[in-house]
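Beneath this line is the structure, given in C-alpha cells, with notes to follow.
Values below: every heavy atom of this structure, side chains too, minus hydrogens, waters and symmetry copies. One-based numbering, in listed order, for ligands and for the atoms of each.
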Amino acid sequence: MAEETLSIRDNRTGEEVEIPIVDGTIHATELGKLGLMSYDPAFLNTASTRSSITYIDGDAGILRYRGYPIEQLAEQASFLETAWLLFEGELPTAKELEAWQDKVRLHTYVHTNVTRFLDGFRHDAHPMGMLLGATAALSTFYPDAKEIGDEESRRLQRLRLIAKFPTIAAWVFRHSRGLPYVYPRNDLDYIGNFVNMTFEIGGRHEPNPVLQRALEILLILHADHEQNASTNAVRGVGSTHVDPFSAVSAGVAALYGPLHGGANEAVLRMLDEIGDVKNVPAFIEGVKKRERLLMGFGHRVYKNYDPRAKLIKRVADDVFAQTGLDPKLEIALELERIALEDDFFVERKLYPNVDFYSGLIYRAMGYPTDYFTVLFALGRLPGWLAQWEEMLSDPEQKIARPRQIYTGYDERDFVPLEQRG
Ligand code: CMC
C-alpha cells in the first residue's frame with residue numbers, strides 16, 4: 001500500500017476503501033471498488049496521462065520543455081533544436097543537430113499530387129480547413145505509417161511531418177492568394193525556407209532576419225503545452241492506433257476552434273470590430289454582461305500571466321521596430337490595461353494568453369488574419385508528435401474511451417410510423 005492514502009466511506013453501504021495517493025492523484029479506477037465512476041466532462045481535475053515532456057505551473061506562470069525554461073529556449077534555441085528536445089528528451093549535440101537539420105531538408109518535398117488536391121479547394125477556403133484536409137490526405141501517400149508498432153517507422157513519420165508541414169502550410173497560403181506554389185529550397189534553413197515558400201514572388205524574396213527570428217521564437221513558444229485540447233485530440237485519436245498523419249489532422253481540427261488556436265484569429269477580428277480605443281470601455285462592459293468573451297484572455301491552467309504572452313510582447317517590440325506600429329496595438333494595450341484592473345477579470349484570474357498579441361505580430365509580418373492559426377499549428381506540431389510517441393510508448397495507455405452517465409429513456413417499444421402522432 002502506498003504511504004499516502006485517501007480513505008473513503010460510502011455512507012450508503014458503510015463500506016470503506018483506502019485509495020493510494022500517488023503524485024498527488026488518485027486512480028479513478030479505484031472508485032470502481034465502490035461501484036462509482038468519476039464525472040469530469042471537461043477534464044477540469046483529471047490527469048489523462050503521466051508525461052515527462054512539458055511542465056506548467058499555472059499559478060506561478062511557469063512553462064518548461066523537458067525541464068528547460070521557455071524563456072531560455074526562446075532566447076537561445078532554434079525551432080528544430082526545440083523539436084529534437086521534445087522528441088528525444090535532451091538537447092541535441094552540435095553533430096546531432098546538424099544531422100537532424102539535414103534529414104529534415106531531405107524530406108521537405110511533398111508528392112506533387114498534393115498540389116492538385118489543394119487546387120480543388122475554393123479560392124476562399126479557410127486555410128485551417130485546407131491544412132486539416134491536406135494533413136489527413138498525407139496518410140494516403142504513406143501507407144507504411146500504419147506501422148505504429150515499429151519505432152523506426154514512427155521516427156520516419158515524425159521526420160516526414162516536421163519536414164513537410166511547412167511546405168503544405170506555405171502552399172495553403174499560396175492557394176489563398178492565387179499564387180503558384182513555390183518548392184522547398186534546401187539551401188535555406190527551416191524558417192527561411194518556409195518564409196520563402198510563402199512570400200517569394202518571381203524568384204525573389206529578401207529575407208528579413210529580425211522577422212524570421214521573431215517567427216521562430218513564436219513557433220518555439222507554441223511548440224508544446226502539455227495536455228491542451230489539440231494534444232488531447234492527437235492522443236485520443238492516436239490511441240486507436242491510427243497512423244500519425246490522421247492523428248495529427250485531429251489535432252489540427254481541435255486547434256482550429258476559437259477557444260483554442262483559433263483565438264489568435266478571433267482576437268484580430270475583435271480588435272477590428274472595436275475599431276477605436278474610445279470603444280474599449282463599452283466592449284469590456286459587454287464582456288462583463290456575458291454578451292461575449294474577451295478573446296485572447298483566460299486559460300484553463302494559467303491563473304497568472306501566461307509566460308508566453310510576456311515573451312510575445314517583447315517579440316512584438318522587435319517586430320514593430322521593423323514594420324512600424326499597428327494602430328490595433330493601442331486597442332489591445334487598452335483592453336489589457338482595463339481588464340487587468342477590473343474586478344471581473346481579477347476575481348476570475350483572467351490574464352492575456354498566448355493568442356492575445358501573436359495575431360498582431362503575424363499581421364505585421366504580412367500574414368492574413370485567417371492564416372494565423374496555421375502558424376500556431378506549425379509551432380505545435382513537434383509537441384503533438386512528442387506526445388503521440390510518449391502515448392504509444394506508455395504501457396498504461398489503452399484506447400481512450402470515456403464512460404458516461406446515461407440520462408436517456410428506459411427501454412420502450414418501437415412505434416410504427418402510421419401510429420406516431
Ligand atoms: N472573457 C470573459 N470571461 C471569461 C473568459 C474570457 N476570455 N475566459 C473565462 N471567462 C470567465 C468564464 O465565463 C467563467 O466565469 P464564471 O466562473 O463566472 O462562470 C470564468 O471566467 C472561468 O472560465 P471557464 O470558462 O470556466 O474557464 P475554462 O478553463 O473552461 O476556459 C478558455 C478556458 C481559454 C477556453 C477561456 O478562458 C476562453 O474561452 N478564453 C477565450 C478564448 C481564448 O483566448 N482561447 C485561447 C486559450 S490559450 C491558447 C490556446 O489554447 O490556444
Output yes when [X] and [Y] qualify as a salt bridge under the 4.0 Å nitrogen-oxygen rule, no when they do not.
X	Y	answer
E390	R50	no
R160	D144	yes
R105	D102	yes

Evaluate the 4.0 Å heavy atom contact test for [atom]: does a protein atom fall under the cut-off?
atom	answer
atom 24 (P) of ligand 1	no
atom 42 (C) of ligand 1	yes
atom 18 (O) of ligand 1	yes
atom 31 (O) of ligand 1	no
atom 48 (S) of ligand 1	yes
atom 11 (C) of ligand 1	yes
atom 27 (O) of ligand 1	no

Look at the rings of [X] and [Y] and say which category their plane angle falls in: under 30° parallel, 30 to 60° tilted, over 60° perpendicular.
X	Y	result
Y362	F372	tilted
F141	H111	tilted
Y142	F245	parallel
F165	W384	perpendicular
W100	F87	perpendicular
H225	Y302	tilted

| field | For atom 45 (N) of ligand 1, the protein heavy atom that lies nearest, with its residue and separation | value | L259 O, 2.9 Å
| task | Considering heavy atoms of the protein only, find what lies nearest to atom 15 (O) of ligand 1 and give residue, atom and distance to 0.1 Å. | result | R348 NE, 3.2 Å
Please report whether ligand 1 has a polar contact with [X], defined as an N or O pair separated by less than 3.5 Å (distance criterion only).
X	value
A263	no
K303	no
D355	yes
R292	no

| task | Please identify which atoms of ligand 1 are closer than 4.0 Å to at least one heavy atom of G298. | result | 34 (C), 37 (O)
| task | Below 4.0 angstrom from a heavy atom of L294, which ligand 1 atoms are there? Numbered from 1 as shown, please. | result | 1 (N), 2 (C), 6 (C), 7 (N)
| said: With a cutoff of 4.0 Å, is F344 in contact with ligand 1, counting heavy atoms of the residue only? | reply: yes
| query | R290 near ligand 1, heavy-atom distance under 4.0 Å? | reply | yes
| query | Given E336 and Y351, is the side-chain contact (heavy atoms from CB on, under 4.5 Å) satisfied, shown in steps? | reply | CA-CA 8 Å; E336 180 184 343; Y351 291 88; over 6 Å; no
| said: I need the contact type for L255 against ligand 1. Using non-hydrogen atoms and a strict under-4.0 Å cut-off, is it side chain, backbone, both or neither? | reply: neither
| field | Location of contacts on N353 toward ligand 1, heavy atoms closer than 4.0 Å | value | side chain
| query | For atom OH of Y406, is the number of surrounding heavy atoms from other residues, nucleotides or ligands below 6.0 Å larger than 12? | reply | yes
